[in-house]
Amino acid sequence: MSKEITSRSEDYSQWYNDLVIKGNLADYSAVRGCMVIKPYGFTLWENMRDVLDKKFKETGHTNAYFPLFVPKSLFEAEEKNAEGFAKECAVVTHYRLKTDPNNKGKLIVDPDAKLEEELVVRPTSEAIIWNTYKKWIQSYRDLPILVNQWANVVRWEMRTRLFLRTAEFLWQEGHTAHATKEEAIEETEKMINVYADFVEQYMALPVIKGYKTENERFAGAEETYTIEALMQDGKALQSGTSHFLGQNFAKAFDVKFLNKEGKEEYVWATSWGVSTRLIGALIMAHSDDDGLIIPPRIAPFHVVLIPFLQKNVEERQVIEDKTYEIKQQLEAKGLRVIVDLDDTKRPGFKFAEYELKGIPVRMVIGPRDLENGVVEVARRDTKEKKSYTLEGLADSISQLLEDIQQSIYDKAVAFRDEHITKVDSWEAFTEVLDGKGGFILAHWDGTGETEDKIKELTKATIRCIPLGNELETGKCVLTGNPSKQRVLFARAY
RNA sequence: CGGGGUGUAGCGCAGUCCGGUUAGCGUACCUGGUUUGGGACCAGGUGGUCGCAGGUUCGAAUCCUGCCACCCCGACCA
């Protein structure tokens with residue numbers, strides 16, 4: 001009806017937009033390229049954030065906060081990083097507005113209030129953080145520094161998409177400083193594993209861990225690790241990255257420490273981040289033509305209770321009481337529950353509404369059910385309906401939620417596995433790309449030129465060189481030059 | 001930034017080509033009633049600077065000029 005959503009087969013992009021908007025996660029705003037994350041969407045983000053934050057703390061990190069603005073001179077210190085972000089930076093040049101003398105009631109930028117030094121709105125915080133770390137670090141005893149910040153960043157993208165690419169987005173960025181290269185690399189790997197575990201176990205989304213080619217690497221990094229997820233349209237989505245920054249930032253910001261031998265050395269660095277983009281990944285990986293499908297572990301609500309309210313006041317009260325009793329039982333087990341008592345809407349309407357919003361379990365409570373000591377339970381992922389006895393209900397629902405979590409994951413794994421194709425010829429490469437899509441494992445001669453050429457010809461990029469990749473001699477799928485291993489290609493968001 | 005499209009009630013649209021009473025339809029919303037196990041029905045109602053700014057005209061949603069925003073595709077990117 002009014003909330004009808006476009007089907008995936010009809011228009012995948014529109015389907016995605018419909019889910020975000022009509023599923024109540026986010027909305028467009030008056031600011032170009034920026035979105036409003038609505039309460040329902042933000043609750044989802046908070047749930048994700050809480051799990052990640054706990055994992056960061058368990059791995060020894062603490063939170064801090066650094067400024068939104070970066071003086072241009074600091075920003076440009078690490079050249080490669082600065083160059084990489086230069087063309088998408090918002091820049092503050094003035095600090096005051098004034099009334100337009102020619103047009104009362106309107107404001108203009110006061111030309112007399114020009115900043116001596118322009119401020120870059122952070123697209124990422126390495127510069128301001130390493131400028132700070134310089135003050136914190138003198139000896140090996142000051143290391144490691146394991147800091148994370150939850151923040152907003154701005155990247156002035158030409159083309160934006162809700163959650164996937166907006167001009168401003170929310171993320172966390174970890175920035176660590178270490179005494180040795182080995183320790184920094186270990187940290188980089190540790191954090192990509194934290195991300196992979198989170199995404200797989202909580203978001204029910206299987207990922208492929210790997211490292212990026214030089215072309216795809218973060219500007220200023222020596223090595224970039226990535227987790228790559230697969231969307232239902234066969235395109236890959238980079239879902240998190242962890243960078244080994246070597247001594248690049250330490251050198252740029254002159255951050256040295258005295259080691260145990262009393263010798264001065266540059267500090268080794270890492271940075272790692274995931275963003276609200278993960279919500280986009282979640283939507284595109286799991287949802288269907290009826291709406292969102294959200295894995296229970298991060299869902300804003302686990303269960304919606306829909307009582308069938310009767311006209312008769314007494315009967316009505318019985319149902320209502322029972323509904324709240326069930327709510328309490330479920331909440332006592334730690335479940336997040338909402339009750340819908342709105343009797344201006346009919347049940348069918350509500351069913352569709354909560355399916356759209358992706359609440360994992362719907363429970364219907366009516367007189368017919370109560371007579372039999374049961375409630376009707378429908379799971380969102382499969383739409384399967386079943387009666388559950390009231391006895392031990394909270395336990396059986398907890399178990400059901402676990403089953404749903406697992407089954408969403410299993411489905412995504414099956415889809416992902418079906419969409420990893422090994423190819424050995426250029427014909428097969430393009431055929432798979434244009435046909436079933438997904439990941440392609442193919443030989444590559446290891447040169448950036450070949451990578452660029454493949455991208456130019458097909459829009460496919462090397463998503464990563466999988467961790468623990470088997471070595472296997474072969475011939476590059478494009479050039480026929482010798483290759484030591486297969487790498488993972490895909491078209492990507 | 002290039003190509004295409006859209007902008008009229010909260011949402012979805014018609015009307016624009018060919019200017020002419022009071023700008024219409026669906027839905028949502030409000031009131032009352034009947035309903036309620038998969039998107040209810042009847043009756044009555046509220047809601048509009050027709051994206052913005054100029055211009056042409058007796059008269060502009062409609063014609064002209066400029067601008068803005070958003071969507072889709074591309075280049076760029078997380």
Side-chain angles (χ1 to χ4, degrees), chain A residues 1-6 11-18 20-22 27-35 84-89 103 123-124 153-173 195 212 215-219 224 226-229 236-243 271-281 290-291 306-312 315-316 319 341-356 362-372 374-376 378 383 385 387 455-456 459 461 463 492-493:
Chain A
M1 298 278 158
S2 65
K3 287 263 180 90
E4 203 157 313
I5 59 185
T6 310
D11 184 343
Y12 192 84
S13 297
Q14 194 53 49
W15 166 76
Y16 174 80
N17 287 336
D18 283 355
V20 173
I21 303 289
K22 294 175 181 172
D27 206 348
Y28 296 107
S29 74
V31 193
R32 179 191 205 119
C34 296
M35 65 175 176
F85 284 107
K87 56 193 177 305
E88 46 186 359
C89 285
N103 194 355
T124 180
V153 286
V154 170
R155 296 181 189 174
W156 216 260
E157 301 290 347
M158 290 175 183
R159 193 177 153 212
T160 58
R161 297 194 67 184
L162 294 164
F163 286 115
L164 295 175
R165 190 177 299 104
T166 45
E168 180 194 17
F169 58 94
L170 304 183
W171 76 345
Q172 58 68 217
E173 43 181 328
Y195 288 155
K212 290 289 190 184
N215 281 2
E216 298 282 324
R217 207 174 278 159
F218 176 70
T224 290
T226 179
I227 48 173
E228 298 286 326
L237 183 75
Q238 179 174 306
S239 305
T241 48
S242 181
H243 314 289
S271 68
W272 29 273
V274 294
S275 72
T276 39
R277 179 180 233 207
L278 281 176
I279 295 175
D290 295 318
I306 304 178
F308 278 116
L309 298 170
Q310 301 302 295
K311 198 73 192 169
N312 177 300
E315 281 179 8
R316 187 190 170 97
I319 302 263
L341 286 178
D342 185 352
D343 58 1
T344 67
K345 297 197 168 48
R346 306 179 98 226
F349 180 89
K350 295 183 183 181
F351 296 171
E353 191 69 14
Y354 293 112
E355 279 162 8
L356 170 57
R362 176 182 78 230
M363 196 178 289
V364 170
I365 301 155
R368 198 192 298 166
D369 300 315
L370 289 186
E371 274 171 32
N372 300 319
V374 298
V375 287
E376 185 195 84
K383 298 282 211 71
K385 281 192 258 192
S387 284
K455 184 176 179 183
E456 188 191 317
K459 284 166 193 132
T461 50
R463 299 320 303 155
Y493 278 97

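Every heavy atom of this structure was used, including side-chain atoms; hydrogens, water molecules and symmetry mates were not. The sequence lines fix the lettering, A, B, ..., with proteins before strands; numbering per chain opens at 1. None of these values were measured; they are calculated from a predicted model.
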Across the strands shown, which category fits [X] at heavy-atom distances under 4.0 angstrom: base, sugar-phosphate, nothing?
X	value
A/Arg32	sugar-phosphate
A/Phe218	nothing
A/Arg362	base
A/Thr226	nothing
A/Pro367	base
A/Lys212	nothing
A/Gly280	nothing
A/Lys459	sugar-phosphate
A/Lys350	nothing
A/Glu355	base
A/Leu164	base
A/Glu157	base
A/Phe351	base

Which residue, A/Arg463 or A/Arg316, contacts RNA chain B at a nucleotide closer to its 5' end, judged by nearest heavy atom?
A/Arg316

A/Phe163 vs A/Ile365, nearer the 5' end of RNA chain B by closest nucleotide
A/Ile365

Measuring from A/Ile5:CD1 to A/Asp11:CG, what's the distance to the nearest 0.5 Å?
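Result: 12.5 Å between the selected atoms.
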
d(A/Leu341 CG, A/Ile319 CD1) to nearest 0.5 Å is 11.0 Å

Between [N] and [M], how far apart are the two [atom1] atoms, rounded to whole Å?
N	M	atom1	value
B/rU46	B/rA9	C1'	10 Å
B/rG32	B/rG37	C1'	27 Å
B/rA61	B/rG48	C1'	11 Å
B/rC17	B/rC64	C1'	15 Å
B/rG2	B/rC58	P	39 Å
B/rU22	B/rC50	C1'	15 Å
B/rA28	B/rG74	P	36 Å
B/rU16	B/rU62	C1'	4 Å

Among A/His243, A/Arg217, A/Lys212, A/Gln238, exactly one meets side chain to side chain donor-acceptor pair (under 3.5 Å) together with A/Thr224. Which residue is that?
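Testing A/Thr224 for a side chain to side chain donor-acceptor pair (under 3.5 Å) against A/His243, A/Arg217, A/Lys212, A/Gln238 leaves exactly one candidate, A/His243.
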
Can you tell me the base-pairing partner of [N]? Count Watson-Crick or G-U wobble geometry only, both distances below 3.5 Å, and say none if there is no partner.
N	result
B/rU57	none
B/rG32	B/rC42
B/rG37	none
B/rG47	none
B/rC76	none
B/rC70	B/rG5
B/rA23	none

[X] has an atom [atom1]; how far is it from atom [atom2] of [N], in whole Å?
X	N	atom1	atom2	result
A/Phe349	B/rC41	CZ	P	13 Å
A/Arg161	B/rC70	CZ	P	15 Å
A/Trp156	B/rC1	CH2	C1'	15 Å
A/Arg346	B/rU27	CZ	C1'	17 Å
A/Asp342	B/rU35	CG	P	19 Å
A/Met158	B/rG2	CE	C1'	11 Å
A/Asn215	B/rC76	CG	C1'	14 Å
A/Asp369	B/rG38	CG	P	12 Å

Among [options], which is the nearest nucleotide to the side chain of [X]?
X	options	answer
A/Arg155	B/rC71, B/rA78, B/rG37	B/rA78
A/Arg368	B/rG37, B/rA78, B/rC77	B/rG37
A/Phe169	B/rA78, B/rC76, B/rC71	B/rA78

A/Ser29 side chain to A/Cys34 backbone, donor-acceptor under 3.5 Å
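Yes, A/Ser29 side chain to A/Cys34 backbone: donor-acceptor pair under 3.5 Å.
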
Looking at [X] and [Y], what are the two nearest heavy atoms and their distance?
X	Y	value
A/Trp171	A/Val274	CB-O, 3.1 Å
A/Thr344	A/Asp342	OG1-OD1, 2.7 Å
A/Tyr16	A/Gly280	OH-CA, 3.4 Å
A/Arg165	A/Tyr493	NH2-C, 3.5 Å

Looking at [N], I'd like to know if its phosphate oxygens (OP1 or OP2) sit under 4.0 Å from a side-chain N or O belonging to [X].
X	N	answer
A/Tyr28	B/rC71	yes
A/Asn17	B/rC70	no
A/Ser13	B/rC71	no

Pair of N/O donor and acceptor under 3.5 Å linking B/rG2 base with A/Arg159 side chain
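A donor-acceptor contact between them is absent.
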
Using the six-membered ring of A/Phe351, assess whether NZ or CZ of A/Arg362 lies under 6.0 Å from its centre and within 45 degrees of the ring axis.
yes

